[in-house]
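Step one of this worksheet: look at the structure below.
Chain letters run A, B, ... following the sequence lines, proteins first and then strands; every chain starts at 1.
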There are 2 protein chains.
Amino acid sequence: MEDGTFRSPGYCGDTDADYDVLQWDTRADCEVRQILDRIADKWSLLVIALLDRRSLRFTELRRMIDGISQRMLARTLRHLERDGLVSRTVHPTVPPRVDYELTPLGATLHKTIRALVTWTETHQNEVATARAAYDKRVAAEQARAEREAAERDAIAREVLAVRR
Amino acid sequence: MEDGTFRSPGYCGDTDADYDVLQWDTRADCEVRQILDRIADKWSLLVIALLDRRSLRFTELRRMIDGISQRMLARTLRHLERDGLVSRTVHPTVPPRVDYELTPLGATLHKTIRALVTWTETHQNEVATARAAYDKRVAAEQARAEREAAERDAIAREVLAVRR
DNA sequence: CGGTATCCCCTAAGATACTG
DNA sequence: CAGTATCTTAGGGGATACCG
C-alpha cells in the first residue's frame, strides 16, 4: 500500500501565541499545507490540466504526459481521486476501460491553476532575464574573488622571497 | 556550490507532431514547468506569503516558518532571488543584518498565489470529506475481499476434509 | 488494458559543524 | 547574525515483473 497522508492530523487550529496573527498558518502539519503540497506536485497539475478538456483513459494520459511512469501516473490519479478532484469510472468491458474525469471540485481548482500558469507564461521572460542577471553577477563576483586571492598569494610569495 | 537548474535548456518550442495542439506544453523540460516547479515548492510559497506583509530578516523568516532548516531557507531565498522575486539587502553593520523583501515581480506573483491558497482554504472541507469517503470505501472493499477469501478458504478445507 | 508489487537507485533535504 | 560545507538518510521515482 505505500501509505497515505497521515502524520499528526490535528494541531492546526491552536495559536501558539508565538506566531502572532499571520494571515497564513505556517505550521508544517496544517491541512492547507498538505493540500497545497499535493496539488503543487510535479504531475498533478498536468493531469488536471489535461482532464479539463475532456475525460481520458489511463493510457491516453500516459501517452500525453512526457516522461511519466506507469507507477507515478497511477499514484497521481489515486491521490487526485482520494481528494475528490478526479473521478474514476470503470467500464466492465473486455478489454477493460477506465475513464478519468474532473469532478466539479476539480474543475474549480483548474481555474485557479490556470491563473498560476498564466502568470508563469506572462512573466517567464522577466524571470529568465532575472536569472541571467543573477548568474552574471555571481560569476563576476567569483572571478573577482579569485583574482584577489591570486593577488594576495603573489604578495605573500614576494614577501617570503625577500625574507629568505 | 550545489548546482543550479541546468538540464537540457531548450527543447521547448518544437512541436513534435505527436502531441497535437494541447493548451499546455506537457514536456518535462519546458521552461514554464521549471518555473512552476520552483514557485510551487514547499517553502517558496510560505516565504513569498510572509514577505508580502513586510521585509524580513533571515532569522525572522527562520523563526516564522515552522520546520524549515537553515539550509533550506538559504536555498529557497537564493532561488527566489535568482528568479527576481525577492531582493536581498545587506546592511554592513556588525552584527550583519540582511533584509529580504518582495520585488514588484514577486508582489504580482503573490496575488496569484493568494488565489490558490484561498481555493485551498475554501475547499479544504470538501477535500477532507472526499478523503474520508475514499478511505472508507477502500477499507470496506478490503474487508469484503478478506471475508470472501476466508470463505473460499473455509470451503476448500471442507472439501479436502470430505475427500480424505 | 489497467493496474499492483518489488526492487533499487539517486537526489532532496535534515543534522551538524564551521566561517566572515 | 547570516550564512556555506560536509555527511547521512528517507523516500521519490524509475524499471521490471506479474495479476484480473
Check whether any side-chain N or O of [X] sits under 4.0 Å from OP1 or OP2 of [N], and answer yes or no.
| X | N | result |
| --- | --- | --- |
| A:R57 | C:dC1 | no |
| B:Y100 | D:dG3 | yes |
| B:R62 | D:dA2 | no |

Quick check for you: among [options], whose closest atom lies nearest to any side-chain atom of [X]?
| X | options | result |
| --- | --- | --- |
| A:P95 | D:dC1, D:dG14, C:dC1 | C:dC1 |
| B:F58 | C:dG3, D:dG14, D:dA2 | D:dA2 |
| B:R78 | D:dG14, D:dT4, C:dG3 | D:dT4 |
| B:Q70 | C:dA17, C:dT4, C:dG14 | C:dA17 |
| B:P96 | D:dC1, D:dG13, C:dG2 | D:dC1 |
| A:S69 | C:dG2, D:dG14, D:dT4 | D:dG14 |

Legend entry - From OG1 (B:T76) to CG (B:L61), nearest 0.5 Å: 10.0 Å
Euclidean distance, atom [atom1] of residue [X] to atom [atom2] of [N] [Å, nearest integer]:
| X | N | atom1 | atom2 | value |
| --- | --- | --- | --- | --- |
| B:R63 | D:dC1 | CZ | C1' | 10 Å |
| A:L77 | C:dC1 | CG | P | 17 Å |
| A:M72 | D:dA15 | CE | P | 13 Å |
| A:R75 | D:dG14 | CZ | P | 11 Å |
| A:L73 | D:dG12 | CG | P | 17 Å |
| A:R71 | D:dG11 | CZ | P | 13 Å |
| B:E141 | C:dG3 | CD | C1' | 13 Å |

Inset, instruction - Could you tell me whether B:E126 and B:R131 have a side-chain N and a carboxylate O separated by less than 4.0 Å? - result: no
Legend entry - Hphob cluster co-occupancy, A:V47 + A:V90, side-chain heavy atoms under 4.5 angstrom: yes
Inset, instruction - With the side chain counted from C-beta on, respond yes when B:Q124 and A:I35 share a heavy-atom pair under 4.5 Å apart, and no when they do not. - result: yes
Legend entry - Positive for side-chain hydrogen bond (donor to acceptor under 3.5 Å, both in side chains) with A:D99, one of A:R57, A:R54, A:H91: A:H91
Inset, instruction - Remember a base hit wins even if backbone is also touched, and classify A:R88 as base, sugar-phosphate or nothing at under 4.0 Å, heavy atoms. - result: sugar-phosphate
